[in-house]
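In what follows, chains carry the letters A, B, and so on, assigned in the order in which the sequence lines appear, proteins first and then strands, with residues in each chain numbered from 1.
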2 protein chains.
Amino acid sequence: MKRDSRLSGILHVLLHMAEQSGPMTSETLAAAMSTNPVVIRRIMAGLREQGYVRAERGHGGGWSLACKLETTTLRDIHDALGGSALLALGNRTESPGCLVEQAVNAALDQAFREAEQILLGRLGQISLAQLSADFHRRRVAGATPHHMESHHAA
Amino acid sequence: MKRDSRLSGILHVLLHMAEQSGPMTSETLAAAMSTNPVVIRRIMAGLREQGYVRAERGHGGGWSLACKLETTTLRDIHDALGGSALLALGNRTESPGCLVEQAVNAALDQAFREAEQILLGRLGQISLAQLSADFHRRRVAGATPHHMESHHAA
DNA sequence: GTTTCATGTAACTAACAATGTTACATAATG
DNA sequence: CATTATGTAACATTGTTAGTTACATGAAAC
């Protein structure tokens with residue numbers, strides 16, 4: 001089962017945007033995620049609708065952050081992305097007539113729901129500011145200046 | 001993201017096997033999971049290798065349980081199925097050079113690992129016997145006799 | 001005002017993974 | 001030895017996701 005890495009990818013570009021004063025184009029961001037600009041726009045659309053980022057057209061346009069890093073959590077971003085399923089496992093049938101399967105579903109559902117709540121809770125406790133702070137710690141520790149271009153393929 | 005329902009499906013057939021004295025053929029089990037006999041054999045292969053079920057060929061052959069319901073947990077079954085990924089989310093790159101992405105990965109990895117541990121732990125606490133007991137409770141509550149055939153399409 | 005540069009979005013294509021199917025070998029039983 | 005079952009490889013089908021093309025819209029530069 002292939003894992004959905006949109007959250008990981010978009011957090012990556014959001015933090016790059018946080019390091020930047022002006023707006024960044026879809027093309028630039030796409031390079032950082034080694035993907036296509038249209039894919040960026042597609043994913044960012046959800047964030048724009050929720051007001052986490054702003055898009056400006058034309059010359060000098062592009063994407064910029066429109067939220068406070070301190071109060072925006074990874075869960076917010078996940079939700080803005082569409083809040084897709086967190087678990088790779090699921091029940092075969094949702095409301096089966098078979099009592100055996102009902103028993104199986106009941107047990108699995110409970111376990112699944114619990115794990116989902118834990119994960120959502122965790123994501124809700126991590127702010128973009130924390131990630132940014134962690135990045136700055138790493139940069140200081142490594143003592144290398146940060147240039148986006150130097151870390152991603154052109 | 002489509003969810004993997006093999007665990008759900010195979011637990012279903014295992015409990016049906018528990019209700020049966022003799023072996024059950026792949027064809028019969030496939031009917032209960034509304035799938036193909038070969039799919040059953042494919043999935044059951046892992047369980048056979050781990051000794052949870054036994055397969056006998058030829059006349060009167062088929063699948064039968066070879067484990068104690070009390071000591072076999074849902075986690076055992078999950079592992080025997082290949083222990084596939086539990087989460088639908090993942091990181092874009094495993095060991096990125098970009099410090100920003102390292103910070104993102106570190107945070108997500110921790111949250112993911114925690115949720116996975118919770119789920120595995122839960123699955124490890126539920127035995128096949130518990131599911132079976134729950135089924136029997138449901139059967140008594142509903143006061144309807146149980147015939148596998150009557151609950152699944154032919 | 002027209003050229004350029006950007007996003008917005010629909011439609012299409014490609015790639016991939018999971019499932020289903022066919023075919024045939026192997027083994028056990030009557 | 002005919003029948004019935006599993007074992008397994010090979011192939012086909014299906015469905016989802018990501019990638020791409022194409023073009024409309026809007027904003028700034030000139």
Between A/Pro37 and A/Arg41, is any pair of side-chain heavy atoms under 4.5 Å apart?
yes

What's the verdict on side chain to side chain contact (heavy atoms under 4.5 Å, CB included) for B/Leu87 and A/Leu86, showing C-alpha distance, side-chain angles and the deciding distance?
CA-CA 6 Å; B/Leu87 299 186; A/Leu86 297 173; 5.6 Å; no

Tabulate below the donor-acceptor pairs under 3.5 Å that side-chain atoms of residues 74-82 of chain A make, not counting sequence neighbours, or state none.
unit_1	atom_1	unit_2	atom_2	d
A/Asp76	OD2	A/Thr73	N	2.9
A/Asp76	OD2	A/Thr73	OG1	3.2
A/His78	NE2	A/Ser84	O	3.4

To the nearest Å, how far apart are B/Glu56 CD and C/dA28 P?
10 Å

Using a cut-off of 4.0 Å between protein heavy atoms and nucleotide atoms, how would you tag nucleotides 19-27 of chain C 5' to 3' with B, S and -?
SBBB---BB

Using a heavy-atom cut-off of under 4.0 Å over every strand shown, decide if B/Arg48 touches base, sugar-phosphate, or nothing.
sugar-phosphate

Taking any heavy-atom pair under 4.0 Å as a contact, classify A/Gly62: base, sugar-phosphate, or nothing.
sugar-phosphate

Treat each ILVMFWY residue as a node, draw an edge where side-chain heavy atoms are under 4.5 Å apart, and state whether A/Met33 and A/Val39 are in one component.
yes

Whole angstrom is fine here: how far is it from CE in A/Met44 over to P in C/dG8?
9 Å

Using whole Å, report how far CD1 of B/Ile43 lies from C1' of D/dG7.
15 Å

Pick base, sugar-phosphate or nothing for B/Glu27, based on heavy-atom distances below 4.0 Å to the nucleic acid.
nothing

Main chain of B/Leu47, side chain of B/Gln50: is a donor-acceptor contact present, judged purely on distance under 3.5 Å?
no

Which sits closer to the 5' end of DNA chain C, A/Gly61 or A/Glu49, going by the nucleotide each is nearest to?
A/Gly61

What is the distance, to the nearest angstrom, from the CZ atom on A/Arg54 to the C1' atom on C/dG8?
18 Å

B/Leu29 CG to D/dA5 P: how many Å, rounded?
12 Å

Is there a side-chain contact between B/Ser26 and the phosphate of D/dT6, meaning an N or O under 4.0 Å from OP1 or OP2?
yes

Flag the pair B/Glu70 / B/Ser127 as yes when at least one side-chain heavy-atom distance between them is below 4.5 Å, and no otherwise.
no

For B/Trp63 and for B/Gly60, locate the closest nucleotide of DNA chain D by heavy-atom distance; then report the residue assigned to the nucleotide nearer the 5' terminus.
B/Gly60

Between P of D/dA18 and CZ of B/Arg92, the distance in whole Å:
13 Å

Not counting sequence neighbours, which residues clear salt bridge (charged side-chain N to carboxylate O under 4.0 Å, His left out) with B/Arg3? List them please.
A/Glu116

